[in-house]
Amino acid sequence: MAQAWAFLLPVLVLGSYVTSLFFPSYISNPLCGGDGGRSLFLCAQAPKDQDPSPAVSTMYKTAFHFQPAKNWMNDPSGPMYFNGIYHEFYQYNLNGPIFGDIVWGHSVSTDLVNWIGLEPALVRDTPSDIDGCWTGSVTILPGGKPIIIYTGGDIDQHQAQNIAFPKNRSDPYLREWIKAPNNPVLRPDEPGMNSIEFRDPTTGWIGPDGLWRMAVGGELNGYSAALLYKSEDFLNWTKVDHPLYSHNGSNMWECPDFFAVLPGNNAGLDLSAAIPQGAKHALKMSVDSVDKYMIGVYDLQRDAFVPDNVVDDRRLWLRIDYGTFYASKSFFDSNKNRRIIWGWSRETDSPSDDLEKGWAGLHTIPRTIWLAGDGKQLLQWPVEEIESLRTNEISHQGIELNKGDLFEIKEVDAFQADVEIDFELASIDDADPFDPSWLLDPEKHCGEAGASVPGGIGPFGLVILASDNMDEHTEVYFRVYKSQEKYMVLMCSDLRRSSLRPDLEKPAYGGFFEFDLEKERKISLRTLIDRSAVESFGGGGRVCITSRVYPAVLADVGRAHIYAFNNGSATVRVPQLSAWTMRKAQVNVEKGWSAI
């Protein structure tokens, strides 16, 4: 049975401390008192920051996310499946846990879960990449010939595109790569181009004329653009007289990605193969510190991407992930006929913390990505292989959560867990009205309408990484609103009380999605907790939020709690709740090269 949150507090012991677990002390909370004690969980003083313990350097290292054994990492670069092996290349600093001296790290796997670290595939050793071997892609040419195309920076920080080939294709790990003698193969020497804003080439694809194409992020006459290039042999490239797509914004598009998707079909498509009728295309770009995308069609006659809806205000563009997620890269997995996407999740502690830890950055769990049945947005879900780490399943059915109720999910490791929960709405009549202006800044709305602020339907969701007295906790939850023609669901991941430690970024992330509550009363939430990394998938993957958290309780006492909760007026039922402890994966522990 669910419990009222107030009953979880040792009131007699805590004494005057029991004044709001979620509500800042400097805001008057009208719910404090007058309700028989149920709302006491809303009434505690805001926690005071405390210094990290010495255990910080090891306790926040993840157990099943991809990251090297040490040092700095950022963008995924050129993921691929080739001859039975998954390859993950990534931006890596061999010399320490700060950005700089970037080379291409390289790891291999047979299951996308356990990884062997290899020697770097590319290092800074030629004039065209001496400033860094930046982000790029891998394309598999006919005859099974993989080729890397990547951005290099010269001594003056001018950017150009370079090519590399595997030295020995019979090596299953493709350990060594040879750079083309004519590098760089592509320079930003056309009129209107910016030589220091020209990077991150996409995977190549073959057009109907048999020529290769690729897009490169850049600036064209001061505007954002995915620049389009053609080639007969993938070695000699010519700029097309128009971009694949451009926008009048002044921010450069980093890490563009372009791929085909079928509405309502989670099978992946190889962009160089015949694209079935009815397929759409997705154009993704990294801009404004997040990854955004558009859905549209690839007009073969014009050789251009045409979005279904042109939205000038970038704040309204759809996002791959609404949290700490950037520079994502996808690839077609021919092994299981799916498209998989990775993203980089940076640290949100301080640089001094990173130096103490000896590492910084990780990649999100690889996700299958596909187009929703209505053709309006992309959906994402963790690859099925990650479920191989599940153990010690806990299952509950038929839970009823009234306003102010908590239900503790026990007997799983709260620091390494996978939680799947369905919320069923008893009534949709109590939904509060929706204000379209909230779409411009959902994070602000999550901050203003936190879990302590009751609504008609919601907030309801999970409280995770909670200390015994709840002075540290992270909330992942939903609110349901009614617009004139549809229901809008706000999903939030609120980190503002996630840690007592100082010098951390602790925002409230959020994103909206449409939901047909007339047909479907259940809203699903899946949250994977991996020490300092939390990934949440709402509404079947309609909104995804990656968060980085550093609770002091993890380093200090090694014990935390997970709860399902409801703080809305409407009762919420939980027909199914399943949770697992997640075992530790072997990530870059076994080494194909002793120095990594």
Side-chain angles (χ1 to χ4, degrees), residues 2 5 21-24 27 29-31 39 41-42 316 319 322-323 377 400-407 419 421-464 473-497 507-518 520-527 534 536-545 547 563-574:
W5 292 20
L21 293 178
F22 280 175
F23 217 87
I27 299 177
N29 182 1
L31 293 182
S39 64
F41 73 89
L42 297 171
L316 296 174
R319 299 188 196 179
Y322 288 79
Q377 71 172 112
E400 187 170 285
L401 297 173
N402 296 307
K403 182 180 179 182
D405 282 351
L406 276 176
F407 179 88
V419 182
I421 183 169
D422 290 333
F423 295 98
E424 185 176 52
L425 306 182
S427 170
I428 58 176
D429 297 332
D430 295 329
D432 295 323
F434 175 70
D435 183 345
S437 69
W438 294 339
L439 293 172
L440 295 171
D441 195 348
E443 293 88 352
K444 179 182 178 182
H445 191 57
C446 285
E448 293 175 346
S452 64
V453 181
I457 305 178
F460 58 86
L462 294 173
V463 177
I464 62 173
H473 59 268
T474 295
E475 308 145 11
V476 184
Y477 61 88
F478 300 112
R479 288 179 178 272
V480 178
Y481 296 98
K482 179 69 170 70
S483 66
Q484 291 183 349
E485 300 177 354
K486 56 196 172 186
Y487 287 90
M488 298 294 292
V489 179
L490 174 65
M491 178 176 165
C492 300
S493 182
D494 192 340
L495 315 186
R496 291 176 297 168
R497 300 178 65 84
Y509 298 118
F512 283 97
F513 62 92
E514 296 181 19
F515 204 75
D516 190 348
L517 290 174
E518 301 288 351
E520 191 175 1
R521 294 293 182 94
K522 295 179 184 177
I523 303 175
S524 69
L525 175 62
R526 182 178 182 184
T527 294
V534 177
S536 297
F537 303 81
R542 289 174 174 86
V543 165
C544 309
I545 302 178
S547 302
Y563 304 96
F565 81 94
N566 176 31
N567 194 31
S569 299
T571 297
V572 175
R573 301 188 184 98
V574 178

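From a predicted model like this one, the values you see are computed outputs, not experimental measurements.
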Kindly compute the distance separating [atom1] ([X]) from [atom2] ([Y]), expressed to the nearest 0.5 Å.
X    : Y    : atom1 : atom2 : answer
E424 : F460 : CD    : CZ    : 11.0 Å
F434 : E514 : CZ    : CD    : 9.0 Å
F513 : C544 : CZ    : SG    : 10.5 Å
D422 : R526 : CG    : CZ    : 12.5 Å
F537 : T527 : CZ    : OG1   : 9.0 Å
S524 : R542 : OG    : CZ    : 7.5 Å

Where the side chain of N567 meets the backbone of A451, is there a donor-acceptor pair that is under 3.5 Å apart?
yes
Within the distance-only criterion (no hydrogens, no angle test), does the side chain of D432 pair as donor or acceptor with the backbone N or O of G456 below 3.5 angstrom?
yes
Which pair of heavy atoms, one from [X] and one from [Y], lies closest together, and at what distance?
X    : Y    : answer
Y322 : F512 : OH-O, 4.4 Å
I457 : I428 : CD1-CA, 3.7 Å
R479 : G450 : NH2-O, 2.7 Å
R521 : A426 : NH1-O, 4.0 Å

We want to know whether S547 and S493 form a side-chain donor-acceptor pair, criterion being a heavy-atom distance below 3.5 angstrom.
yes
Can we call the ring centroids of F565 and H473 under 6.0 Å apart?
no
